[in-house]
Structure formats: structure tokens, C-alpha cells
Amino acid sequence: MRGMFLRLSTKLLNISIASLCKAKQLEKAESAIIDGIRLGVLPDVITYNTLITGYCQLISFDAGYSVIHRMREAGIKPDVVTYNSLMAGATKQHSLSQCLNMLDEMLDSGIIPDVWSYNTLMHCFFKLGKPDEAYRVFHDILLKNISPCQATFNIMINGLCKNGLTTKALRLFRDLQRHHEYIPEIITYNILLNSLCESLMWKDMMRLYDELHELGHSPNAITYTTIMKGCFRCRRFDVGVEIFVEMKRNGYAHDLFSYCTIIGALLKSGQKQDTYNCIAHMIKIGYELDLASFNTLINLHCKEGKLEHAYNLVNVAEESGKNCDKYTHTILIDGLCQAGEIDVAWRHLEHMKKMGFDCLVAFNCFINSLCKGGHLDYALRIFYSMDVKDAFTYSSLIHNLCLARRYHLAAKLLLSCIRDGFRTLKADQKAVVKGLSTTGSKLDVKRFKLKLRIAKLSYY
DNA sequence: ATAGGGTTAG
């Protein structure tokens with residue numbers, strides 16, 4: 001009777017440890033264990049595994065790993081879940097070596113890895129940009145007598161997408177459907193939809209969106225937010241807003257994610273009144289605003305030229321313990337540029353760089369603003385000093401060089417842009433060709449067109 | 001334990 005009571009108590013202890021860890025209350029979790037022991041309720045392997053997950057999530061892999069020693073001292077043997085949790089912790093902090101070490105240690109202790117050990121290893125390879133190795137693990141799973149679970153396929157498809165291999169991911173998805181009686185989950189669709197959205201493949205995205213309905217799935221909040229973002233990115237504002245309306249009708253539009261998406265889009269498309277209405281709704285729902293929501297509001301103030309309001313909001317965010325991230329800094333730098341405060345913007349940019357943030361977008365804002373202000377050579381100097389560029393960096397310069405009738409340089413940058421693997425606008429290509437034909441010789445145009453064709457060939 | 005939001009060009 002007493003034994004049963006204590007076992008039941010351990011179960012209760014574990015439930016409370018899990019919820020304390022979830023609430024980021026590790027110290028309370030620790031003292032709950034001590035209190036339990038005092039009352040004769042002994043922690044078991046599940047207690048320690050939960051604690052390990054908590055330490056890995058909230059502190060570090062090392063903190064999680066040190067629990068293993070305490071476990072052994074208490075006479076409890078780590079099991080497969082223990083090591084899987086540690087592998088997840090290593091993956092979280094991008095440590096492939098520690099992830100592999102945990103797999104070794106698991107095997108050395110005579111524990112047989114399960115499908116989740118392999119899932120986590122795959123995830124780790126993908127996270128570190130090693131899709132080939134991840135694929136090898138996937139094949140291993142299929143070769144060995146381990147049955148893959150839905151997450152195995154999801155991690156695989158997501159990993160391919162996140163490594164820029166959307167087409168491969170889609171092919172795997174279709175192969176699984178054709179040959180393996182595979183019923184994808186809504187999560188799988190969300191992964192693929194997001195990737196199509198980011199590749200600006202609007203039609204494919206909408207086709208897949210129809211397909212999930214045909215398979216009997218219902219979109220969830222994540223599906224709706226993803227589709228909305230895709231519509232806005234592809235400039236289909238009307239369809240995006242329709243999705244938001246449907247989302248609201250189905251009771252899904254109650255989180256900060258959906259509001260940030262729609263507010264950003266309304267602001268961009270210049271629908272002021274709707275923007276304010278949405279912000280009022282978002283605040284009325286009563287969630288505590290997170291950093292992304294603050295950034296959305298800070299951006300609104302910047303776009304309206306109210307920099308003081310923007311800085312006030314930055315203070316409010318920081319006072320509630322939310323530190324500015326690269327989005328906040330970029331938004332402020334863009335706001336300063338738009339307000340003509342080029343020098344302040346530059347100082348902020350240098351500050352941002354010194355703090356180790358990724359400054360690419362902020363540089364793009366700065367360059368674009370210099371171009372618009374007619375300081376093309378200043379913009380070019382910055383451009384040449386940058387070691388990472390993207391399509392936006394090139395596009396600002398090419399466009400403005402054309403406006404300034406400096407077609408030869410525009411042509412040169414357009415070619416570098418394509419050679420670096422970035423998309424260019426059709427309109428910019430046309431402007432360069434037209435400009436060359438009015439200012440240069442016919443031979444120049446011919447040469448440029450040939451180089452353009454070769455650049456495209458070598459890339460695709 | 002795998003999925004979504006917020007920044008830049010035209």
C-alpha cells in the first residue's frame with residue numbers, strides 16, 4: 001500500500017517537475033526534488049530526464065550533462081531518453097561533436113538508440129548545413145529495422161527546405177506519397193508551404209494549400225500565417241487579407257504571429273486606418289507584447305517619421321527585459337535614413353556591427369538611402385567594402401546607376417549579381433540594355449547580352 | 001522532440 005502510494009507520488013513529482021521546467025523555474029524544480037526526498041518520494045529516471053531537458057533548454061548542454069552524474073550517484077541508470085534529451089540539447093547549441101559524443105556514450109553504455117536518437121542526429125546535421133550527412137542517417141533508418149515516424153519525415157523535409165533544397169524536399173514528399181502509403185501531417189504541409197513562400201513560388205504554394213484541404217486536413221494558425229505571409233511577399237495583398245478574414249472566422253487569428261504579419265503588410269501597402277485597427281485589436285487581445293510585436297510597432301512609428309515615439313517604445317521594450325535584436329536596430333537605422341539623419345544612422349550602424357549583429361539589411365537600407373539622396377559614389381564605396389551582399393544590395397545600386405545614366409557600371413554590377421546567384425529584376429535588365437544602346441555602341445549591347453546569357457547559364 | 005510572425009530594392 002505504502003509502496004503504491006510512493007510510486008504514485010513519484011508520478012506526481014514528475015508532473016510538477018515538468019511544469020516547473022516549462023515555466024523556466026529550475027530552482028523550484030530542484031527544491032521540489034529535495035522536498036520529495038525528505039518526504040520519502042524518490043526521484044526516478046523520468047524525474048532526471050525531465051530535469052536534463054530543462055537544463056539543456058534553459059541553460060546549456062553542459063548543465064544538462066552534469067545531471068547524469070547526480071543520476072548515477074542516486075543509483076539511477078540513464079536510459080535512451082536521457083541520451084536523446086542530451087543529443088537534443090547539443091543540437092540546440094549547434095554542437096555536432098557533442099551530439100555524436102552522446103550517441104557514442106549511449107552505445108558504450110549498451111543502450112540501443114531508437115528512432116528519436118536518429119531523428120535528432122539528422123536534425124543536428126541539417127542545422128549545421130550538412131544535408132548529405134543527414135540524408136545518410138535517413139537511409140540508415142530505412143535500412144535498419146527502425147520504423148521511421150512522422151517526425152522523421154518532417155525533420156527530413158524541413159531540413160532539406162532550410163538548406164535551400166526545396167525542390168528535393170518536394171520530390172521526397174511526392175515519392176513518399178506515391179510509394180509508401182504516406183499520409184502527411186498538417187505540420188508537413190506547413191513546412192513545405194513556408195519554403196514555397198520564401199522562394200516566392202506563389203502558385204505552387206496555393207496548389208499545395210488546396211491539396212491539404214482535399215486530404216481532409218484543416219489549416220491551423222501556423223498554416224494561415226504562412227499562407228498570408230506568402231501572399232504578401234508576392235504582392236497579392238487582396239488574397240492575403242482574405243486569408244486573414246477566413247482565419248479570424250475560424251477562430252485562429254488570436255495570436256501575435258498573425259497580427260504581426262498582417263500589420264506589417266498593411267503598413268507596407270499604405271492602408272493606414274486598417275493598420276491602426278489591427279494594432280488596436282492586437283493590444284485588446286491582451287497578450288504581453290514580445291520583441292517581434294514591439295519591432296512591428298517601432299517600425300510603424302519610424303515609417304510615420306515619428307522617431308521619438310519609436311525610441312520611447314524601444315525604452316519600454318528594454319525596461320521589460322527585451323533586448324533589441326537585429327530587427328530593432330535595422331528598423332531604427334532605416335528610420336534614421338528616411339528622416340535624413342545619415343550621420344546618426346551611420347554611427348548606429350557601426351555600433352550595431354561592433355555588437356556582433358548581422359548588419360546586411362541595415363547596410364542595404366543605408367546604401368539605398370544614399371542612392372536616393374544622390375550620393376552614389378559614397379554608396380559604391382560602402383558596397384565595395386561589404387563582404388556579404390544580397391539581391392537587395394545590388395538592386396538598389398543597379399537601379400540608381402541607371403537613373404544616373406551610368407550604364408556601364410550598372411551593367412557590370414548586374415552581371416556580378418547574377419554570377420553571385422541572386423535574382424535581378426527584369427525591369428533593371430531592360431533599363432541597362434536600353435541605356436547601353438543609347439549611350440554606347442551596338443557592340444557594347446551585343447557583348448553585354450552575351451555575357452548575361454553566359455552568366456545565367458553558368459548559374460542555373 | 002519536427003512547422004508560423006517583425007527589417008531593405010523595384
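Below, chain A is the first sequence line, B the second, and so on; all start at residue 1.
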Is the shortest side-chain N/O distance from [X] to OP1 or OP2 of [N] below 4.0 Å?
X	N	value
A:Asn158	B:dA3	yes
A:Lys162	B:dG4	yes
A:Lys268	B:dT8	yes
A:Asn194	B:dG4	yes
A:Lys303	B:dT8	yes

* To do: Please step through side-chain contact (heavy atoms from CB on, under 4.5 Å) for the pair A:Leu212 and A:Ile186, ending with a clear verdict.
  => CA-CA 8 Å; A:Leu212 74 89; A:Ile186 187 71; 3.8 Å; yes
Between [X] ([atom1]) and [N] ([atom2]), how many Å, whole number?
X	N	atom1	atom2	result
A:Asn49	B:dA1	CG	C1'	13 Å
A:Ile155	B:dT2	CD1	P	7 Å
A:Leu360	B:dT8	CG	C1'	9 Å
A:Arg233	B:dG4	CZ	P	12 Å
A:Lys326	B:dT7	NZ	C1'	9 Å
A:Asp420	B:dA9	CG	P	21 Å
A:Met156	B:dA1	CE	P	22 Å
A:Leu336	B:dT8	CG	P	14 Å

* To do: Taking only the side-chain heavy atoms of A:Asp334 (C-beta and beyond), determine which of B:dA3, B:dG10, B:dT8 contains the nearest atom.
  =>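 Side chain of A:Asp334 sits closest to B:dT8.
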* Asked: Where the side chain of A:Ile331 is defined as all heavy atoms beyond and including C-beta, which of B:dA9, B:dT7, B:dG4 is the nearest nucleotide?
  -> B:dT7
Can you check whether any acceptor in the base of [N] is under 3.5 Å from a donor in the side chain of [X], or vice versa?
X	N	result
A:Thr226	B:dG4	no
A:Asn220	B:dG4	no
A:Arg235	B:dG10	yes
A:Ser396	B:dA9	no

Base, sugar-phosphate, or nothing: which does [X] touch, judged by heavy atoms less than 4.0 Å apart?
X	answer
A:Ser293	base
A:Leu193	nothing
A:Asp290	base
A:Asn119	nothing
A:Leu425	base

* Between A:Gln271 and A:Ser269, is any side-chain donor less than 3.5 angstrom from a side-chain acceptor? -> yes
* Going by atom types only, do A:Asn299 and A:Thr296 share a side-chain donor-acceptor pair under 3.5 Å? -> no
* Asked: Is it the case that A:Lys389 places NZ or CZ above or below the six-membered ring of A:Phe383, under 6.0 angstrom from the centre and within 45 degrees of the axis?
  -> yes
Stacking here means centres under 5.5 Å and planes under 30°; does [X] stack on [N]?
X	N	result
A:Phe257	B:dG4	yes
A:Tyr327	B:dT7	no
A:Trp116	B:dA1	yes

* NZ/NE/NH1/NH2 to OD/OE distance under 4.0 Å, A:Glu211 and A:Arg174 ->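 Judged by the 4.0 Å cut-off on N to carboxylate O distance, A:Glu211 and A:Arg174 do form a salt bridge.
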* Salt-bridge criterion met for A:Asp334 and A:Lys303 (N-O under 4.0 Å) ->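 Answer for the salt bridge query: yes.
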* When you look at NE2 of A:His281, are more than 12 heavy atoms from neighbouring residues, nucleotides or ligands closer to it than 6.0 Å? ->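 Count not over threshold, so no.
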